[in-house]
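Start at 1 with the first residue, then count along the sequence.
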Amino acid sequence: MNYNDTELHEIEAELHTEILPGTEVMADVGSHHFVKTGGTQVLVPQPSADPHDPLNWSLKWKLFCIVASTVVSFTQGFGPLALAPMFPYYIKEFDCTLAQAVQFTGVCILVLGFSNFIWVPISTSFGRRPVYIFSQLICFGSMFWRAKAQTYNSFMGACVLNGIGAGPAETIQPAVIADIFFLHDRGRWNTLYWVTYMGSLMVGPIISGVMSQHAGWRSFWWFNVAIVGLSLLMVIFMFPETKWHRPHPDEVMMDLSRERDSPATIREKANSEALEGFDSAETEKGQAIAQNNSNIAMPDLTHSTTAARDPYLGKGSPSKAQRRLFQPNEHPLRSIIMDLWTPWKLFAFPIVEFAAFVVSWSCSSFLTLNLTQSQNFAPPPYNLSSQSIGFFNFAILIGALIGLFTAGPLSDWVSARATKKNRGIREPEMRLPAMIPYVLIMILGNVVAAVGMEYKWPWQAIVVIAFTCAGLQVAALPAIASTYAVDSYKPVAGSLFVAITVNKNVWGYGFSVFITPWVEKSGFVPPILTNMALVTLWCLFGVLFYYKGKTFRRWSRNSKVHKM
(Lines give C-alpha, C1' and ligand atoms only; values in the text may rest on other atoms or scores of the structure.)
Protein backbone atom coordinates (compact mmCIF):
# COMPACT_ATOMS: atom_id res chain seq x y z
CA MET A 1 0.00 0.00 0.00
CA ASN A 2 1.32 3.48 -0.88
CA TYR A 3 1.02 6.14 1.84
CA ASN A 4 2.55 9.56 2.15
CA ASP A 5 4.36 10.36 5.41
CA THR A 6 1.41 12.19 6.97
CA GLU A 7 -1.04 9.36 6.29
CA LEU A 8 1.46 6.80 7.51
CA HIS A 9 1.91 8.56 10.85
CA GLU A 10 -1.85 9.01 11.23
CA ILE A 11 -2.53 5.33 10.61
CA GLU A 12 0.29 4.23 12.91
CA ALA A 13 -1.10 6.50 15.64
CA GLU A 14 -4.64 5.19 15.23
CA LEU A 15 -3.52 1.55 15.22
CA HIS A 16 -0.71 1.92 17.77
CA THR A 17 1.56 -0.15 15.54
CA GLU A 18 4.58 0.36 13.30
CA ILE A 19 3.93 -0.01 9.57
CA LEU A 20 7.02 -1.32 7.79
CA PRO A 21 7.52 -2.45 4.19
CA GLY A 22 5.57 -5.70 3.93
CA THR A 23 3.04 -4.70 6.60
CA GLU A 24 -0.36 -4.19 4.99
CA VAL A 25 -3.53 -2.53 6.28
CA MET A 26 -6.38 -4.85 5.27
CA ALA A 27 -9.23 -2.79 6.76
CA ASP A 28 -10.37 0.83 6.92
CA VAL A 29 -8.68 2.80 9.68
CA GLY A 30 -10.62 5.70 11.21
CA SER A 31 -11.02 8.33 8.50
CA HIS A 32 -8.85 6.41 6.01
CA HIS A 33 -10.81 4.38 3.49
CA PHE A 34 -9.46 2.14 0.72
CA VAL A 35 -10.54 0.67 -2.60
CA LYS A 36 -12.19 -2.67 -1.90
CA THR A 37 -13.60 -5.64 -3.76
CA GLY A 38 -17.14 -6.63 -2.97
CA GLY A 39 -17.24 -3.72 -0.55
CA THR A 40 -15.29 -5.57 2.15
CA GLN A 41 -11.82 -6.77 1.05
CA VAL A 42 -9.24 -3.98 0.96
CA LEU A 43 -7.16 -4.26 -2.20
CA VAL A 44 -3.38 -4.37 -1.81
CA PRO A 45 -1.77 -2.80 -3.74
CA GLN A 46 -4.35 -0.08 -4.40
CA PRO A 47 -5.09 0.02 -8.17
CA SER A 48 -4.80 3.20 -10.22
CA ALA A 49 -7.76 4.85 -11.96
CA ASP A 50 -6.60 3.63 -15.36
CA PRO A 51 -8.45 0.99 -17.43
CA HIS A 52 -5.12 -0.40 -18.71
CA ASP A 53 -3.68 -1.02 -15.23
CA PRO A 54 -3.29 -4.85 -15.06
CA LEU A 55 -4.86 -4.82 -11.59
CA ASN A 56 -8.01 -3.42 -13.23
CA TRP A 57 -8.14 -5.94 -16.07
CA SER A 58 -11.21 -8.11 -16.44
CA LEU A 59 -11.12 -11.69 -15.24
CA LYS A 60 -10.93 -12.84 -18.87
CA TRP A 61 -7.69 -10.99 -19.54
CA LYS A 62 -6.17 -12.02 -16.24
CA LEU A 63 -6.96 -15.66 -17.03
CA PHE A 64 -5.50 -15.31 -20.55
CA CYS A 65 -2.28 -14.02 -19.02
CA ILE A 66 -2.03 -16.57 -16.24
CA VAL A 67 -2.80 -19.49 -18.60
CA ALA A 68 -0.17 -18.39 -21.13
CA SER A 69 2.35 -17.76 -18.36
CA THR A 70 1.61 -21.10 -16.70
CA VAL A 71 2.02 -22.98 -19.98
CA VAL A 72 5.45 -21.32 -20.42
CA SER A 73 6.46 -22.43 -16.92
CA PHE A 74 5.28 -25.97 -17.67
CA THR A 75 6.91 -26.35 -21.09
CA GLN A 76 10.22 -24.83 -19.97
CA GLY A 77 10.38 -27.20 -16.98
CA PHE A 78 9.11 -30.26 -18.83
CA GLY A 79 12.34 -31.24 -20.56
CA PRO A 80 15.33 -30.51 -18.26
CA LEU A 81 14.50 -33.04 -15.51
CA ALA A 82 12.77 -35.61 -17.74
CA LEU A 83 15.98 -37.54 -18.43
CA ALA A 84 16.00 -39.91 -15.44
CA PRO A 85 14.15 -42.85 -17.07
CA MET A 86 16.18 -42.31 -20.26
CA PHE A 87 19.62 -42.60 -18.65
CA PRO A 88 20.09 -46.25 -19.78
CA TYR A 89 19.40 -45.20 -23.38
CA TYR A 90 21.88 -42.32 -23.21
CA ILE A 91 24.54 -44.58 -21.68
CA LYS A 92 24.13 -46.92 -24.65
CA GLU A 93 23.74 -44.20 -27.30
CA PHE A 94 26.69 -42.04 -26.23
CA ASP A 95 28.88 -44.76 -24.63
CA CYS A 96 29.10 -42.95 -21.29
CA THR A 97 28.79 -43.80 -17.58
CA LEU A 98 25.73 -43.21 -15.40
CA ALA A 99 27.49 -40.31 -13.64
CA GLN A 100 28.21 -38.71 -17.02
CA ALA A 101 24.58 -39.14 -18.12
CA VAL A 102 23.36 -37.56 -14.89
CA GLN A 103 25.37 -34.46 -15.81
CA PHE A 104 22.96 -33.80 -18.67
CA THR A 105 20.52 -32.84 -15.93
CA GLY A 106 23.03 -31.22 -13.56
CA VAL A 107 24.65 -28.88 -16.10
CA CYS A 108 21.26 -27.83 -17.48
CA ILE A 109 19.86 -26.80 -14.10
CA LEU A 110 23.09 -24.96 -13.22
CA VAL A 111 22.97 -22.89 -16.41
CA LEU A 112 19.23 -22.44 -15.96
CA GLY A 113 19.72 -20.67 -12.64
CA PHE A 114 22.40 -18.26 -13.82
CA SER A 115 20.57 -17.49 -17.09
CA ASN A 116 18.18 -15.37 -15.06
CA PHE A 117 20.90 -12.75 -14.78
CA ILE A 118 19.98 -12.20 -18.44
CA TRP A 119 16.22 -12.63 -18.33
CA VAL A 120 15.26 -10.68 -15.20
CA PRO A 121 17.06 -7.45 -16.24
CA ILE A 122 15.29 -7.70 -19.60
CA SER A 123 11.99 -8.30 -17.79
CA THR A 124 12.46 -5.27 -15.54
CA SER A 125 13.74 -2.97 -18.29
CA PHE A 126 11.58 -3.97 -21.26
CA GLY A 127 8.76 -6.12 -19.85
CA ARG A 128 7.70 -9.71 -19.29
CA ARG A 129 6.42 -10.23 -22.83
CA PRO A 130 9.77 -10.07 -24.70
CA VAL A 131 11.32 -12.43 -22.14
CA TYR A 132 8.66 -15.07 -22.73
CA ILE A 133 8.84 -14.74 -26.51
CA PHE A 134 12.63 -14.87 -26.88
CA SER A 135 13.15 -17.54 -24.21
CA GLN A 136 10.62 -19.81 -25.91
CA LEU A 137 12.38 -19.30 -29.24
CA ILE A 138 15.64 -20.45 -27.61
CA CYS A 139 13.90 -23.44 -26.00
CA PHE A 140 12.37 -24.33 -29.37
CA GLY A 141 15.83 -24.42 -30.96
CA SER A 142 17.35 -26.40 -28.08
CA MET A 143 14.64 -29.07 -28.28
CA PHE A 144 15.27 -29.44 -32.00
CA TRP A 145 19.01 -29.77 -31.28
CA ARG A 146 18.40 -32.40 -28.57
CA ALA A 147 16.33 -34.47 -30.98
CA LYS A 148 19.07 -34.37 -33.65
CA ALA A 149 22.21 -34.70 -31.44
CA GLN A 150 24.53 -37.59 -32.41
CA THR A 151 27.34 -37.29 -29.83
CA TYR A 152 27.69 -36.80 -26.09
CA ASN A 153 29.18 -33.31 -26.49
CA SER A 154 26.51 -32.26 -28.96
CA PHE A 155 23.72 -33.35 -26.62
CA MET A 156 25.46 -31.56 -23.73
CA GLY A 157 25.54 -28.39 -25.83
CA ALA A 158 21.81 -28.70 -26.40
CA CYS A 159 21.36 -29.09 -22.64
CA VAL A 160 23.30 -25.86 -22.03
CA LEU A 161 21.18 -23.99 -24.59
CA ASN A 162 18.03 -25.43 -23.03
CA GLY A 163 19.20 -24.17 -19.63
CA ILE A 164 19.67 -20.66 -21.03
CA GLY A 165 16.19 -20.63 -22.55
CA ALA A 166 14.36 -22.23 -19.62
CA GLY A 167 15.43 -19.72 -16.96
CA PRO A 168 12.21 -17.64 -17.01
CA ALA A 169 10.24 -20.65 -15.79
CA GLU A 170 11.78 -20.08 -12.36
CA THR A 171 11.50 -16.30 -12.03
CA ILE A 172 9.01 -14.52 -14.28
CA GLN A 173 5.61 -15.99 -13.38
CA PRO A 174 5.78 -14.87 -9.71
CA ALA A 175 6.37 -11.34 -11.01
CA VAL A 176 3.42 -11.70 -13.38
CA ILE A 177 1.24 -12.85 -10.47
CA ALA A 178 2.27 -9.77 -8.48
CA ASP A 179 1.50 -7.61 -11.55
CA ILE A 180 -2.10 -8.72 -12.04
CA PHE A 181 -3.37 -10.10 -8.71
CA PHE A 182 -3.95 -8.49 -5.33
CA LEU A 183 -2.21 -9.62 -2.16
CA HIS A 184 -5.14 -11.63 -0.78
CA ASP A 185 -5.14 -13.85 -3.90
CA ARG A 186 -1.41 -14.39 -4.36
CA GLY A 187 -1.06 -17.43 -2.10
CA ARG A 188 -3.20 -19.65 -4.30
CA TRP A 189 -1.75 -18.33 -7.57
CA ASN A 190 1.85 -18.74 -6.35
CA THR A 191 0.99 -22.28 -5.28
CA LEU A 192 -0.48 -22.91 -8.74
CA TYR A 193 2.80 -21.69 -10.21
CA TRP A 194 4.94 -23.93 -8.01
CA VAL A 195 2.69 -26.95 -8.64
CA THR A 196 2.72 -26.33 -12.39
CA TYR A 197 6.46 -25.86 -12.59
CA MET A 198 7.35 -28.70 -10.24
CA GLY A 199 4.56 -30.76 -11.82
CA SER A 200 6.25 -30.39 -15.19
CA LEU A 201 9.39 -31.87 -13.65
CA MET A 202 7.26 -34.78 -12.42
CA VAL A 203 5.25 -35.37 -15.59
CA GLY A 204 8.34 -35.14 -17.79
CA PRO A 205 9.87 -38.44 -16.59
CA ILE A 206 6.48 -40.19 -16.94
CA ILE A 207 6.15 -39.21 -20.59
CA SER A 208 9.84 -39.66 -21.42
CA GLY A 209 9.92 -43.18 -19.99
CA VAL A 210 6.93 -44.34 -22.05
CA MET A 211 8.03 -42.64 -25.28
CA SER A 212 11.62 -43.87 -24.96
CA GLN A 213 10.53 -47.48 -24.56
CA HIS A 214 7.96 -47.50 -27.35
CA ALA A 215 9.10 -44.84 -29.84
CA GLY A 216 12.75 -44.10 -29.00
CA TRP A 217 14.22 -41.37 -26.83
CA ARG A 218 14.40 -38.86 -29.70
CA SER A 219 10.61 -38.87 -30.04
CA PHE A 220 10.33 -37.24 -26.64
CA TRP A 221 12.32 -34.22 -27.80
CA TRP A 222 10.26 -33.89 -30.99
CA PHE A 223 7.22 -33.82 -28.71
CA ASN A 224 8.90 -30.95 -26.81
CA VAL A 225 9.39 -29.07 -30.08
CA ALA A 226 5.62 -29.22 -30.61
CA ILE A 227 4.52 -28.10 -27.14
CA VAL A 228 7.08 -25.28 -26.93
CA GLY A 229 5.89 -24.04 -30.33
CA LEU A 230 2.29 -24.07 -29.11
CA SER A 231 3.28 -22.16 -25.97
CA LEU A 232 5.08 -19.54 -28.07
CA LEU A 233 1.88 -18.89 -30.06
CA MET A 234 -0.11 -18.59 -26.82
CA VAL A 235 2.28 -15.95 -25.50
CA ILE A 236 2.14 -13.93 -28.72
CA PHE A 237 -1.68 -13.82 -28.82
CA MET A 238 -2.75 -14.19 -25.17
CA PHE A 239 -0.10 -12.41 -23.11
CA PRO A 240 -0.01 -8.59 -23.25
CA GLU A 241 2.53 -6.74 -21.15
CA THR A 242 1.74 -6.94 -17.42
CA LYS A 243 4.57 -4.78 -16.06
CA TRP A 244 3.12 -1.55 -14.65
CA HIS A 245 4.99 1.13 -12.77
CA ARG A 246 3.40 1.91 -9.40
CA PRO A 247 5.07 5.04 -8.04
CA HIS A 248 6.65 4.95 -4.63
CA PRO A 249 5.06 7.46 -2.19
CA ASP A 250 8.12 9.70 -2.61
CA GLU A 251 7.41 9.90 -6.36
CA VAL A 252 3.73 10.60 -5.75
CA MET A 253 4.47 13.47 -3.38
CA MET A 254 7.16 14.82 -5.72
CA ASP A 255 4.72 14.86 -8.66
CA LEU A 256 2.03 16.60 -6.59
CA SER A 257 4.57 19.11 -5.24
CA ARG A 258 5.90 19.81 -8.74
CA GLU A 259 2.35 20.33 -9.96
CA ARG A 260 1.56 22.64 -7.03
CA ASP A 261 4.74 24.74 -7.41
CA SER A 262 4.79 25.07 -11.20
CA PRO A 263 4.63 28.64 -12.63
CA ALA A 264 1.34 27.92 -14.39
CA THR A 265 -0.22 26.74 -11.17
CA ILE A 266 1.04 29.77 -9.23
CA ARG A 267 -0.37 32.15 -11.87
CA GLU A 268 -3.66 30.30 -11.92
CA LYS A 269 -3.94 30.48 -8.15
CA ALA A 270 -3.17 34.23 -8.15
CA ASN A 271 -5.75 34.89 -10.82
CA SER A 272 -8.36 32.70 -9.21
CA GLU A 273 -8.00 34.47 -5.87
CA ALA A 274 -9.05 37.70 -7.59
CA LEU A 275 -12.19 36.19 -9.01
CA GLU A 276 -15.50 35.24 -7.52
CA GLY A 277 -16.15 31.53 -7.31
CA PHE A 278 -12.67 30.87 -5.98
CA ASP A 279 -13.69 27.58 -4.36
CA SER A 280 -15.22 26.29 -7.58
CA ALA A 281 -12.08 27.10 -9.60
CA GLU A 282 -9.86 25.35 -7.09
CA THR A 283 -12.09 22.29 -7.22
CA GLU A 284 -11.90 22.10 -11.01
CA LYS A 285 -8.12 22.53 -10.92
CA GLY A 286 -7.80 19.70 -8.42
CA GLN A 287 -9.86 17.48 -10.66
CA ALA A 288 -7.65 18.32 -13.62
CA ILE A 289 -4.52 17.48 -11.64
CA ALA A 290 -6.02 14.15 -10.59
CA GLN A 291 -6.94 13.39 -14.20
CA ASN A 292 -3.40 14.15 -15.41
CA ASN A 293 -2.00 11.77 -12.82
CA SER A 294 -4.45 8.92 -13.48
CA ASN A 295 -1.66 6.36 -13.79
CA ILE A 296 -0.47 7.10 -10.25
CA ALA A 297 -1.70 4.81 -7.48
CA MET A 298 -4.21 6.93 -5.61
CA PRO A 299 -2.53 8.21 -2.42
CA ASP A 300 -5.50 10.10 -0.96
CA LEU A 301 -7.53 7.91 1.36
CA THR A 302 -11.05 9.31 1.49
CA HIS A 303 -14.61 8.29 2.14
CA SER A 304 -15.23 7.98 -1.62
CA THR A 305 -16.84 4.76 -2.75
CA THR A 306 -14.81 2.14 -4.57
CA ALA A 307 -16.73 2.71 -7.81
CA ALA A 308 -15.99 6.44 -7.69
CA ARG A 309 -12.30 6.00 -6.93
CA ASP A 310 -11.70 3.17 -9.41
CA PRO A 311 -14.55 2.80 -11.92
CA TYR A 312 -12.47 0.37 -14.02
CA LEU A 313 -11.91 -2.27 -11.35
CA GLY A 314 -12.57 -5.66 -12.99
CA LYS A 315 -13.55 -3.97 -16.28
CA GLY A 316 -10.21 -2.91 -17.77
CA SER A 317 -8.30 -4.36 -20.71
CA PRO A 318 -4.80 -4.09 -22.23
CA SER A 319 -3.95 -1.17 -24.47
CA LYS A 320 -2.41 -1.48 -27.93
CA ALA A 321 0.93 -0.39 -26.44
CA GLN A 322 0.81 -3.35 -24.04
CA ARG A 323 0.71 -5.73 -27.03
CA ARG A 324 4.01 -4.46 -28.44
CA LEU A 325 7.05 -6.73 -28.56
CA PHE A 326 8.68 -4.72 -25.77
CA GLN A 327 8.09 -1.60 -23.67
CA PRO A 328 10.38 1.43 -24.10
CA ASN A 329 12.72 2.39 -21.26
CA GLU A 330 14.30 5.82 -20.86
CA HIS A 331 17.29 4.44 -18.92
CA PRO A 332 17.77 0.80 -19.95
CA LEU A 333 21.48 0.59 -19.07
CA ARG A 334 20.93 1.88 -15.53
CA SER A 335 17.99 -0.48 -15.08
CA ILE A 336 19.98 -3.50 -16.30
CA ILE A 337 22.97 -2.68 -14.07
CA MET A 338 20.68 -2.41 -11.05
CA ASP A 339 19.08 -5.76 -11.87
CA LEU A 340 22.47 -7.43 -12.17
CA TRP A 341 23.50 -6.11 -8.74
CA THR A 342 20.22 -6.42 -6.81
CA PRO A 343 20.09 -10.27 -6.53
CA TRP A 344 23.52 -10.27 -4.90
CA LYS A 345 22.49 -7.43 -2.59
CA LEU A 346 19.39 -9.39 -1.55
CA PHE A 347 21.55 -12.21 -0.21
CA ALA A 348 22.38 -9.85 2.67
CA PHE A 349 18.71 -9.80 3.72
CA PRO A 350 17.88 -12.55 6.26
CA ILE A 351 14.34 -13.12 4.91
CA VAL A 352 15.67 -13.71 1.39
CA GLU A 353 18.31 -16.11 2.70
CA PHE A 354 15.64 -18.01 4.63
CA ALA A 355 13.40 -18.35 1.57
CA ALA A 356 16.34 -19.28 -0.68
CA PHE A 357 17.48 -22.17 1.52
CA VAL A 358 13.98 -23.50 2.20
CA VAL A 359 13.29 -23.53 -1.54
CA SER A 360 16.73 -24.94 -2.39
CA TRP A 361 16.68 -27.93 -0.10
CA SER A 362 12.98 -28.68 -0.49
CA CYS A 363 13.57 -28.92 -4.24
CA SER A 364 16.74 -30.97 -3.66
CA SER A 365 14.61 -33.43 -1.71
CA PHE A 366 12.54 -33.96 -4.85
CA LEU A 367 15.63 -33.92 -7.09
CA THR A 368 17.16 -36.74 -5.04
CA LEU A 369 14.30 -39.08 -5.93
CA ASN A 370 14.45 -37.96 -9.55
CA LEU A 371 18.16 -38.78 -9.86
CA THR A 372 18.13 -42.05 -7.90
CA GLN A 373 14.98 -43.72 -9.22
CA SER A 374 16.71 -45.47 -12.13
CA GLN A 375 19.71 -46.29 -9.94
CA ASN A 376 17.42 -48.04 -7.45
CA PHE A 377 14.64 -49.60 -9.53
CA ALA A 378 16.40 -50.63 -12.77
CA PRO A 379 18.85 -53.20 -11.24
CA PRO A 380 17.85 -56.32 -9.23
CA PRO A 381 15.77 -57.05 -7.24
CA TYR A 382 13.29 -54.79 -9.05
CA ASN A 383 14.49 -55.04 -12.70
CA LEU A 384 11.92 -52.47 -13.81
CA SER A 385 11.69 -50.90 -17.28
CA SER A 386 12.05 -47.18 -18.02
CA GLN A 387 8.29 -47.03 -18.57
CA SER A 388 7.54 -48.46 -15.13
CA ILE A 389 10.07 -46.17 -13.45
CA GLY A 390 8.59 -43.20 -15.26
CA PHE A 391 5.10 -44.12 -14.05
CA PHE A 392 6.31 -43.87 -10.45
CA ASN A 393 6.36 -40.10 -10.92
CA PHE A 394 2.56 -40.15 -10.97
CA ALA A 395 2.78 -40.49 -7.19
CA ILE A 396 4.88 -37.30 -7.00
CA LEU A 397 2.36 -35.54 -9.24
CA ILE A 398 -0.57 -36.64 -7.06
CA GLY A 399 1.26 -35.32 -4.01
CA ALA A 400 1.86 -32.00 -5.79
CA LEU A 401 -1.83 -31.73 -6.66
CA ILE A 402 -2.72 -32.30 -3.01
CA GLY A 403 -0.27 -29.50 -2.21
CA LEU A 404 -1.99 -27.26 -4.80
CA PHE A 405 -5.40 -27.68 -3.19
CA THR A 406 -4.14 -27.33 0.38
CA ALA A 407 -0.99 -25.17 0.70
CA GLY A 408 -2.17 -21.97 -0.99
CA PRO A 409 -5.63 -21.89 0.62
CA LEU A 410 -4.13 -22.93 3.98
CA SER A 411 -1.50 -20.17 3.97
CA ASP A 412 -4.09 -17.59 2.85
CA TRP A 413 -6.52 -18.78 5.54
CA VAL A 414 -3.86 -18.75 8.26
CA SER A 415 -2.85 -15.21 7.22
CA ALA A 416 -6.44 -13.98 7.03
CA ARG A 417 -7.27 -15.43 10.47
CA ALA A 418 -4.18 -13.87 12.04
CA THR A 419 -4.94 -10.55 10.27
CA LYS A 420 -8.44 -10.48 11.74
CA LYS A 421 -7.05 -11.06 15.23
CA ASN A 422 -4.50 -8.29 14.59
CA ARG A 423 -7.21 -5.64 13.92
CA GLY A 424 -6.85 -5.80 10.13
CA ILE A 425 -3.04 -5.48 10.02
CA ARG A 426 -1.32 -8.19 7.99
CA GLU A 427 2.32 -9.06 8.52
CA PRO A 428 4.15 -11.31 6.02
CA GLU A 429 5.23 -13.62 8.87
CA MET A 430 1.61 -14.68 9.39
CA ARG A 431 2.00 -17.22 6.55
CA LEU A 432 4.79 -19.17 8.20
CA PRO A 433 2.77 -21.45 10.56
CA ALA A 434 1.24 -23.04 7.44
CA MET A 435 4.63 -24.72 6.83
CA ILE A 436 4.35 -26.98 9.89
CA PRO A 437 2.30 -29.89 8.46
CA TYR A 438 4.39 -29.97 5.29
CA VAL A 439 7.67 -30.16 7.21
CA LEU A 440 6.34 -33.27 9.00
CA ILE A 441 5.25 -34.75 5.65
CA MET A 442 8.72 -34.05 4.20
CA ILE A 443 10.41 -35.88 7.09
CA LEU A 444 8.14 -38.91 6.68
CA GLY A 445 8.77 -39.12 2.95
CA ASN A 446 12.54 -38.89 3.21
CA VAL A 447 12.78 -41.51 5.95
CA VAL A 448 10.67 -43.97 3.95
CA ALA A 449 12.68 -43.26 0.77
CA ALA A 450 16.08 -43.69 2.44
CA VAL A 451 15.29 -46.82 4.47
CA GLY A 452 13.05 -48.35 1.80
CA MET A 453 15.62 -48.03 -0.99
CA GLU A 454 18.47 -49.18 1.23
CA TYR A 455 16.71 -52.33 2.42
CA LYS A 456 14.77 -52.95 -0.81
CA TRP A 457 11.27 -52.64 0.54
CA PRO A 458 8.41 -53.44 -1.86
CA TRP A 459 8.35 -50.70 -4.46
CA GLN A 460 4.69 -49.98 -3.66
CA ALA A 461 5.57 -48.71 -0.17
CA ILE A 462 8.39 -46.50 -1.43
CA VAL A 463 6.39 -45.01 -4.28
CA VAL A 464 3.05 -44.50 -2.51
CA ILE A 465 4.51 -42.95 0.65
CA ALA A 466 7.89 -41.40 -0.24
CA PHE A 467 7.11 -40.17 -3.74
CA THR A 468 3.72 -38.74 -2.75
CA CYS A 469 5.22 -36.96 0.26
CA ALA A 470 7.99 -35.56 -1.97
CA GLY A 471 5.44 -34.06 -4.34
CA LEU A 472 3.36 -32.63 -1.52
CA GLN A 473 6.20 -30.90 0.29
CA VAL A 474 7.83 -29.54 -2.87
CA ALA A 475 4.54 -27.91 -3.87
CA ALA A 476 3.98 -26.38 -0.44
CA LEU A 477 7.22 -25.37 1.29
CA PRO A 478 8.78 -23.38 -1.60
CA ALA A 479 5.45 -21.66 -2.32
CA ILE A 480 4.93 -20.52 1.28
CA ALA A 481 8.56 -19.45 1.83
CA SER A 482 8.85 -17.58 -1.48
CA THR A 483 5.47 -15.85 -1.02
CA TYR A 484 6.69 -14.69 2.40
CA ALA A 485 9.78 -13.17 0.80
CA VAL A 486 7.78 -11.52 -2.00
CA ASP A 487 5.32 -10.06 0.52
CA SER A 488 8.30 -8.53 2.35
CA TYR A 489 10.09 -7.18 -0.74
CA LYS A 490 7.46 -6.82 -3.48
CA PRO A 491 9.23 -4.16 -5.62
CA VAL A 492 12.10 -6.57 -6.37
CA ALA A 493 10.12 -9.81 -6.84
CA GLY A 494 12.01 -10.65 -10.05
CA SER A 495 15.47 -10.09 -8.58
CA LEU A 496 14.41 -11.94 -5.45
CA PHE A 497 13.59 -15.04 -7.50
CA VAL A 498 16.93 -14.75 -9.27
CA ALA A 499 18.63 -14.95 -5.87
CA ILE A 500 16.45 -17.92 -4.86
CA THR A 501 16.94 -19.71 -8.17
CA VAL A 502 20.72 -19.26 -8.29
CA ASN A 503 20.98 -20.58 -4.75
CA LYS A 504 18.67 -23.52 -5.51
CA ASN A 505 20.35 -24.53 -8.74
CA VAL A 506 23.90 -24.27 -7.42
CA TRP A 507 23.03 -26.67 -4.59
CA GLY A 508 21.02 -28.82 -7.00
CA TYR A 509 23.97 -29.07 -9.38
CA GLY A 510 26.31 -29.98 -6.53
CA PHE A 511 23.93 -32.67 -5.33
CA SER A 512 23.62 -34.07 -8.86
CA VAL A 513 27.42 -34.35 -9.09
CA PHE A 514 27.84 -36.22 -5.81
CA ILE A 515 24.61 -38.21 -5.41
CA THR A 516 25.46 -41.14 -7.71
CA PRO A 517 28.97 -41.93 -6.38
CA TRP A 518 27.79 -41.21 -2.81
CA VAL A 519 25.01 -43.79 -3.11
CA GLU A 520 27.40 -46.29 -4.71
CA LYS A 521 29.84 -45.85 -1.83
CA SER A 522 27.56 -45.42 1.21
CA GLY A 523 24.06 -46.50 0.21
CA PHE A 524 20.87 -44.49 0.07
CA VAL A 525 20.50 -43.58 3.75
CA PRO A 526 23.34 -41.01 4.23
CA PRO A 527 22.62 -38.74 1.23
CA ILE A 528 18.83 -38.78 1.53
CA LEU A 529 18.72 -38.25 5.29
CA THR A 530 21.42 -35.56 5.08
CA ASN A 531 19.20 -33.71 2.63
CA MET A 532 16.22 -34.23 4.97
CA ALA A 533 18.17 -32.82 7.91
CA LEU A 534 19.08 -29.70 5.92
CA VAL A 535 15.46 -29.09 4.85
CA THR A 536 14.36 -29.46 8.47
CA LEU A 537 17.10 -27.11 9.68
CA TRP A 538 16.15 -24.29 7.30
CA CYS A 539 12.43 -24.72 7.97
CA LEU A 540 13.04 -24.54 11.74
CA PHE A 541 14.38 -21.04 11.19
CA GLY A 542 10.75 -20.22 10.41
CA VAL A 543 10.18 -20.08 14.17
CA LEU A 544 12.80 -17.33 14.46
CA PHE A 545 11.33 -15.41 11.54
CA TYR A 546 7.78 -15.73 12.88
CA TYR A 547 8.81 -13.86 16.02
CA LYS A 548 11.64 -11.66 14.70
CA GLY A 549 10.81 -11.23 11.03
CA LYS A 550 9.46 -7.71 11.59
CA THR A 551 12.76 -6.78 13.25
CA PHE A 552 14.65 -8.01 10.17
CA ARG A 553 12.32 -5.96 7.97
CA ARG A 554 12.91 -2.91 10.17
CA TRP A 555 16.66 -3.23 9.49
CA SER A 556 16.03 -2.82 5.75
CA ARG A 557 13.10 -0.37 5.86
CA ASN A 558 15.19 2.44 4.31
CA SER A 559 16.79 0.25 1.65
CA LYS A 560 16.47 1.38 -1.95
CA VAL A 561 14.95 -1.99 -2.87
CA HIS A 562 11.59 -0.67 -1.61
CA LYS A 563 11.73 2.20 -4.12
CA MET A 564 12.58 0.22 -7.26
inquiry  = I'd like to check the salt bridge (charged side-chain N to carboxylate O under 4.0 Å, His left out) partners of Glu241; sequence neighbours left out, ordered by chain and number.
reply    = none
task = Report the residue from Tyr382, Phe377, Phe392 that forms a ring-ring contact (aromatic ring centres under 6.0 Å, His included) with Trp459.
result = Phe392
With Glu353 via salt bridge (charged side-chain N to carboxylate O under 4.0 Å, His left out) - residues at least two apart = none
Aromatic centroids of Tyr197 and Phe74 separated by under 6.0 Å = no
inquiry  = Test of understanding: with salt bridge (charged side-chain N to carboxylate O under 4.0 Å, His left out), list the residues that count as partners of Arg431, not counting sequence neighbours.
reply    = Asp412, Asp487
request  = Please name all residues satisfying salt bridge (charged side-chain N to carboxylate O under 4.0 Å, His left out) with Arg324, sequence neighbours left out, ordered by chain then number.
outcome  = none
ask   = Under 6.0 Å between ring centres, would you say that holds for Phe140 and Phe144?
value = no
note = Sorted by chain and residue number, the side chain to side chain donor-acceptor pair (under 3.5 Å) partners of Tyr193 (sequence neighbours excluded) come out as none
task = Measure from NZ or CZ of Arg129 to the centre of the six-membered ring of Phe326 and say whether it is under 6.0 Å with the direction within 45° of the ring axis.
result = no
message = Just checking Arg323: does its CZ atom have more than 12 heavy atoms from other residues, nucleotides or ligands closer to it than 6.0 angstrom?
response = yes
inquiry  = Suppose we screen for side chain to side chain donor-acceptor pair (under 3.5 Å). Which residues come up paired with Trp145, at least two apart in sequence or across chains?
reply    = Ser154
task = Give a yes or no on whether the backbone of Phe366 and the side-chain of Asn370 come within a donor-acceptor separation of less than 3.5 Å.
result = no
